[in-house]
Amino acid sequence: MDYRKLLGKVESAVLPYFGGGTVDAPSRRLRVTLPVAPGWWRFEVKGREATAKEPASPEGLEALPRVRGHVWGTRLVREGAVAEALSLMPEEEPPRLSPVTARRWHDGTLLFEGVEFESEAEEAARRALEEDRALGDARGVSASLRAAFGFAVLEAASRGMGIPFAPVEARARVLDVAREGRAEAERCLRALAEERVRFLRMQAEQEARREAEAHARSRAWTDLEHGSPAVWRDAEGREIARPLSGRERERWDALHGVGAREWTHPEFGVREASSDAEAHARTAWRDSNGRATARTVRGRERGEAWRDADVREAARAMSERERGEVWRDADGRGHETREARRDASARASSVRDGRGHGRHGHRRAEPDAGAWVERALDKAGARLLGHRRLGDGLLEVVYAFMGERFVTVVEAATLRVRDAGVCLAGADTQVTLESLPSVLREAIETDALVITRHV
């Protein structure tokens, strides 16, 4: 078989187009060569590319699953208080809270089909909404109508209070809102606002801690090279910025104070101390026999590489990891091994050119980030709506998932999440853009979703 002929085959298909860079056929997702206005189009399909040729009438809707509910704005509210977006609605909007039907396309999108006959319940719900009354326990009101009424009350309260909400955030309380009215709607919105404030406060505290830790690490490396009386650490840099004890400060002042000069015991072949500070240092660092104190101190202290002529003994007590990072000479200065320098150089090079590997996957060059984002979302069952660069190697990604729109900030090189746009209890950086939708699904299904970045 000549596969070149198969790849070059041109087909014609009538498909609904919702905007963006892709269109969904019954069996696969195609890339649109030239975006057009949303609607039904006849596409010319070649390989995995589709080109819109002309507007067309819907085809094949009869074979698709039918969904019934009540309309709220541009959403269909069905059983379970689930409010899904309706696509390709007619120019003439249906009346509020009307019973409608839709067909579910192959990718899960709901396509508007038509308005069904009303009963007295829909008219009664409209009047209660106009008069700002609650439905109470009125009979004859279906669950989908009651939920649509509750969402409408929440929408009105949201405009008045300036607190945005998404249906998935209020789904658990929407029936209470329908029964109690505006007062319950305001309580629901205030609870959402308080949860967002708590999340933003926690996020700010975490960012402040990260900045403080980064500053401390930077200062620790500087102090490792030049010395500082403000810190005391082991060979790996732990316990940075810990205040020195009285004995530790005496040792520091003796060794690094003004006028102090290098010394060792005569048995090591170096001159005797010639000042009080040097003599104090000798008594502080050596026992009565003149041997290095590093042989008798605790194991943790041995790892700190005491600065004496017998430093080789202390260095041998270090772990392999410590020995790979730093080696102390007789003057106490830190020297990296060739292996440590080579590893640091390789890490720096990989970060510069984007060829390194992150904790959550391979790094990518920024020009490829858009295509990589689209593939990651496609695997997770989400649809990319748009993205933009924010600087500092970050991307803002807007996408649709389970009938909602989300905004997430990720690292362009790894797609690791920096700000999920929802409350994740501070665990944003533990997920990637590809794994985030599964977390969102669980939050939606358990009525625990709180959105912090609304679009």
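Everything numeric here is computed off the predicted structure, so don't read it as measured data.
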Atom pair [atom1] ([X]) and [atom2] ([Y]), whose distance is rounded to the nearest 0.5 Å:
X      : Y      : atom1 : atom2 : answer
Phe112 : Leu88  : CZ    : CG    : 11.0 Å
Arg198 : Glu195 : CZ    : CD    : 4.5 Å
Met161 : Leu154 : CE    : CG    : 10.5 Å
Asp176 : Cys188 : CG    : SG    : 9.0 Å
Leu449 : Ile444 : CG    : CD1   : 5.5 Å

Could you check whether any side-chain heavy atom of [X] comes within less than 4.5 Å of a side-chain heavy atom of [Y], counting everything from C-beta outward?
X      : Y      : value
Leu192 : Ile451 : no
Leu384 : His387 : yes
Thr408 : Val417 : yes
Trp72  : Pro167 : yes
Glu374 : Arg31  : yes
Met202 : Cys423 : no
Arg179 : Leu135 : no
Arg103 : Pro65  : no

Identify the two heavy atoms, one from [X] and one from [Y], that lie closest to each other, and give their separation to 0.1 Å.
X      : Y      : result
Phe149 : Ala125 : CE1-O, 3.4 Å
Leu433 : Tyr399 : CD1-CE2, 4.3 Å
Val77  : Ala147 : CG1-CB, 3.6 Å
Phe165 : Phe151 : CZ-O, 4.1 Å
Ser158 : Leu189 : N-CD1, 3.5 Å
Met89  : Thr74  : SD-CA, 3.7 Å

I would like to know whether Val422 and Leu440 meet side-chain contact (heavy atoms from CB on, under 4.5 Å); could you show each step before the answer? CA-CA 8 Å; Val422 299; Leu440 297 178; 3.7 Å; yes
Filter on salt bridge (charged side-chain N to carboxylate O under 4.0 Å, His left out), then keep only pairs touching residues 422-451, sequence neighbours left out; what's left? Arg171-Asp447
Is the shortest side-chain N to carboxylate O distance from [X] to [Y] below 4.0 Å?
X      : Y      : value
Glu184 : Arg187 : yes
Arg78  : Glu84  : yes
Arg389 : Glu396 : no
Arg210 : Glu213 : no
Arg375 : Asp378 : no
Glu169 : Arg196 : yes

More than 12 non-hydrogen atoms from neighbouring residues, nucleotides or ligands closer than 6.0 Å to [atom1] on [X], yes or no?
X      : atom1 : answer
Arg418 : CZ    : no
Arg104 : CZ    : yes
Glu93  : CD    : no

Pair [X]-[Y], side-chain donor/acceptor within less than 3.5 Å:
X      : Y      : result
Arg383 : Thr22  : yes
Ser438 : Ser435 : no
Thr33  : Thr51  : yes
Thr414 : Glu411 : yes

Trp105 and Trp40 aromatic ring geometry - parallel, tilted or perpendicular at 30°/60° bounds: perpendicular
Given the rule in the side-chain contact (heavy atoms from CB on, under 4.5 Å) test, do Trp41 and Val36 qualify, once you have shown the distances and angles that lead to the verdict? CA-CA 9 Å; Trp41 289 83; Val36 291; 3.6 Å; yes
Should Val409 and Leu390 be marked as a side-chain contact (heavy atoms from CB on, under 4.5 Å) after you check the CA-CA gap, both sets of side-chain angles, and the distance that decides it? CA-CA 9 Å; Val409 177; Leu390 299 179; 3.9 Å; yes
side-chain contact (heavy atoms from CB on, under 4.5 Å) between Arg28 and His106, intermediate numbers included: CA-CA 9 Å; Arg28 55 180 175 164; His106 303 282; over 6 Å; no
Given salt bridge (charged side-chain N to carboxylate O under 4.0 Å, His left out), test Arg75 with Glu404 step by step and report yes or no. CA-CA 11 Å; Arg75 292 176 179 263; Glu404 291 295 335; 3.2 Å; yes
Donor-acceptor pair, side chain of Asp419 and main chain of Gly421, under 3.5 angstrom: yes
